[in-house]
Amino acid sequence: MTVPPYDLQDVRILIVDDEGFTRTVIDRQLRELGYRAIDEAANGTDAMMALQQRRYHVLLLDLDLGDMTGAQILEKLRDAGRLMDLSVLMISSNEDKEETLRCIEFGAEDYLHKPVDRRMLRARLNACVEKTLLRTQMQTELERLKRELRAARKLQDSMMRMTLPPSAPDFPVEAAAHMISARMIGGDFYDAFAKRADTVCFMVGDVSGKGIPAALFMARTKSLVRAAIDYCVVNGPGEIDPAEVLSEVNVELCRDNDELMFVTLLLGVLSTRTMTLRFCNAGHLTPFVLTAGDGPTGLRRLEGGRGRALGVVEKSAYAAREIQLAPGDALFVLSDGVTDALDATGTAFGETRVETRLRALVGLPPSGIVDGLLADLAAFVGDVPQFDDITTLCLRIAPDAAASLEPMGDRKA
Amino acid sequence: MSGLFKFDLFAEGDLAVLTLEGRIDSVTAGSFGPALDELMAHPKTVKVIDCAKLDYIGSGGLRPMLRMAQHPPAGTCLLLCSVSAEIMTLLRIVGFLDLFDIVADRQEALARAHGG
C-alpha cells in the first residue's frame, strides 16, 4: 500500500498550547512550510470541542494546558477510538521526558522539543500525515471488503432458497433445510425444486475449503447441476438420471481446475407419483431415511449410488441407485460440518449422535427434524467457534400421501 | 475450538518424511500447504506423509494433498503411510482412496524406495 498523493493545504492541523506565543510561532512555521488549514486552541476544553466539530489529521499537543494535561486529552481520544485517523505530536520541553513518554504510551506518534525547530517540524509532520493517510486508506479498503462480503453473503443467502410448491394432495412433499456458514460466506449449499409437475430434484453439496473461492465454486456447481437437469428434461423423454447429471457436471468442473477444488454432492430425484427416489452420491456423507409410516418405524442409511467427489478426475464413473419410499418416509441429508463439529473438550458430534438424535425425531415434519437436530448440535457445541459450514436438508413424503396418490397413478406421466 | 496441528519434516534413509500430528481443518489448513511444499522441495525423491498421529483432516486439507498426489514433481513418488481407519473411511467416502499411494508404514515405504 502506498501513500496517496496529497496537498499540504488539505492537511488539517490543530495546535493546542496554553502559551499564545508558542502557538503563534508554530503557526507561522507551519505556514512557511506550506500548511494552510491550521486552527488553534488555548486549553483542553477548547481543544476537545474543536476535535468534536472537525476532522483533523494532526494534533500538536502541549503537555500542560492548565485545565487538562496533554495525557488526559490523549486518553480521552484513545478511549473514543479517535487515534485511528488522527496523529498526535507532543510539544514538550527537555525537562518533561517522563510525561512525554507517558503520552507516547497513550498513543502519541512522536514529540517535538520547544523551541520547535522548523526542519524537525517538517520531518515529523510528514511522517505523521503519511501514517494517518495510510491508516485511513487501510480502513477504507477494509470497509470496502466488508461491504463486498456482506453483499456476497446476501447473494448467497438468496441462492439458498428452495422453490418447492407447498405440500398438497397432488404434490405430497414437505421440505426444510438450513445452512450455517462458518465464515461470512461459505462453500456448503443446498437446493430443491420441482420439475415436470411430479418430480422433485434436491441436492446438498460441500466444497473443499472456505471463504470466497469456495463460495464461487459452490455457485458454479449449483448452476451447472440445475443446467444439466434442465438439459435432461428438454432432451430426454425419460426420467432424470442423477448419475448422468453428475457425470456432466464433473467433466465441466474438472476443466481448468488446477487448484483441484472439489465438491461432494448428493443429488436426488424423487417422483411424487411413484414415490421412487433415484440418487447419486458424489463423495458426500451417506444420508439417512427416517421411516414413520404404517409399517415398522426406524432409521436407516441411504447406502450406495456412490461415486467420486466432483472436480478431481474427469473420467470418473457415476451410477445412480433407485429405492422405493413410502408415505411418511423422510430423507435427511447433511454435510460433515454437522458430524465434525467439536465441543469444548475437542470431541466431535459424530455420526452416532446424529443417529441417536434422528431416531428420536422420527415422525416429525421436516422442519421439526432439521430444527431438532440443529438444536441438539448447538447444545453440544456450546460456545466453541464453528470451523466448518453446517448444512441439513430434510424431505418427507406426506404421511397421508397414499390415498391421494391412487388417482395420480391413473394419470399419464 | 480447533485443535493444534504440528508437523515435522526430516530425512530417514532414502526417504523424505513429513509427519502430521493433530487436526488439519479450515483453521489449521493454512500451515499444512507450506509443509507439503517443503516436503515436495526436499532433495529425496521418495516422499512419505506419515499420518500415524493425524487425528482429523477436513476437505480443505485433502485438497493440497490431492494436488501433490495428482501432479507430483517429475521423478518423485509420494506415499501415505500409517493412515488411521477413520481417515481411510473418509478417503473411501469422498472416492479418493485410489488416488493416493498408501502403504502400511515407513518400513514399507523404505522397501518401495529400494525398488520393492
Side-chain angles (χ1 to χ4, degrees), chain A residues 181-183 186-188 205-211 213-214 217 250 254 257-266 281-286 303 306-313 316-318 335-337 339-348 350-351 381-389, chain B residues 1-6 20-37 39-40 49 53-74 78 80 84-102:
Chain A
S181 292
R183 297 202 195 157
D188 270 16
D206 180 357
V207 174
S208 59
K210 297 272 123 14
F217 203 77
N250 178 54
C254 284
N257 185 12
D258 297 337
E259 286 300 305
L260 279 186
M261 287 207 96
F262 60 85
V263 52
T264 68
L265 194 149
L266 183 286
N281 187 343
H284 203 76
L285 269 185
T286 308
E303 304 284 356
R306 281 207 162 275
R308 206 194 303 280
L310 308 170
V312 182
V313 180
S316 302
Y318 295 92
S335 70
D336 59 8
T339 48
D340 295 350
L342 300 177
D343 71 359
T345 69
T347 309
E351 298 204 4
V381 166
D383 52 9
V384 177
Q386 179 188 346
F387 72 93
D388 197 4
D389 300 335
Chain B
M1 188 195 75
S2 155
L4 281 176
F5 165 61
K6 285 193 284 189
L20 307 177
E21 187 177 339
R23 296 175 53 83
I24 305 177
D25 53 32
S26 59
V27 180
T28 59
S31 51
F32 178 49
L36 268 180
D37 290 338
L39 174 70
M40 295 327 268
I49 300 177
K53 291 181 179 164
L54 182 62
D55 300 320
Y56 172 86
I57 183 163
S59 59
L62 281 182
R63 191 168 62 88
M65 209 153 82
L66 191 63
R67 195 157 46 102
M68 293 299 175
Q70 290 283 287
H71 309 292
L78 179 69
L80 302 191
S84 70
E86 288 81 17
I87 291 169
M88 286 297 264
T89 305
L90 170 74
L91 291 176
R92 193 172 300 118
I93 287 176
V94 292
F96 292 171
L97 211 48
D98 58 330
L99 301 181
F100 291 106
D101 203 343
I102 303 175

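Here the structure is a predicted model, which is why all the values come from computation and not from measurement.
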Inter-chain contacts: residues 90-98 of chain B against chain A, heavy atoms under 4.5 Å: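 Checking residues 90-98 of chain B against chain A gives B/Ile93, B/Val94, B/Gly95, B/Phe96, B/Asp98.
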For chain A, which residues of residues 62-70 of chain B have at least one non-hydrogen atom nearer than 4.5 Å to it?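 When heavy atoms of chain A are the reference, residues 62-70 of chain B contributes B/Leu62, B/Arg63, B/Leu66, B/Arg67, B/Gln70 within the under-4.5 Å range.
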Count the heavy-atom pairs under 4.5 Å between each of A/Gly283, A/Ala348, A/Ala214, A/Gly187 and chain B, then report the option with the highest count.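 Looking at each option in turn, the highest pair count goes to A/Gly283.
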Choice from A/Asp388, A/Val312, A/Asn281 maximising heavy atom contacts with chain B below 4.5 Å: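 The residue among A/Asp388, A/Val312, A/Asn281 with the greatest pair count is A/Val312.
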With sequence neighbours excluded, residues passing salt bridge (charged side-chain N to carboxylate O under 4.0 Å, His left out) with A/Glu351: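 Expected list: A/Arg301.
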Heavy-atom proximity to chain B below 4.5 Å, by part of A/Val313: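 For A/Val313, the contact with chain B is made by the side chain alone.
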Side chain, backbone, both or neither: which part of A/Asp258 has a heavy atom under 4.5 Å from chain B?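 The backbone, not the side chain.
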B/Asp101: what forms a side-chain hydrogen bond (donor to acceptor under 3.5 Å, both in side chains) with it, not counting sequence neighbours?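 With sequence neighbours excluded, B/Asp101 shows a side-chain hydrogen bond (donor to acceptor under 3.5 Å, both in side chains) to B/Arg112, given in chain and number order.
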For chain A, which candidate among B/Gly58, B/Ser59, B/Gly60 shows the most heavy-atom pairs at distances under 4.5 Å?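 Between B/Gly58, B/Ser59, B/Gly60, the count favours B/Ser59.
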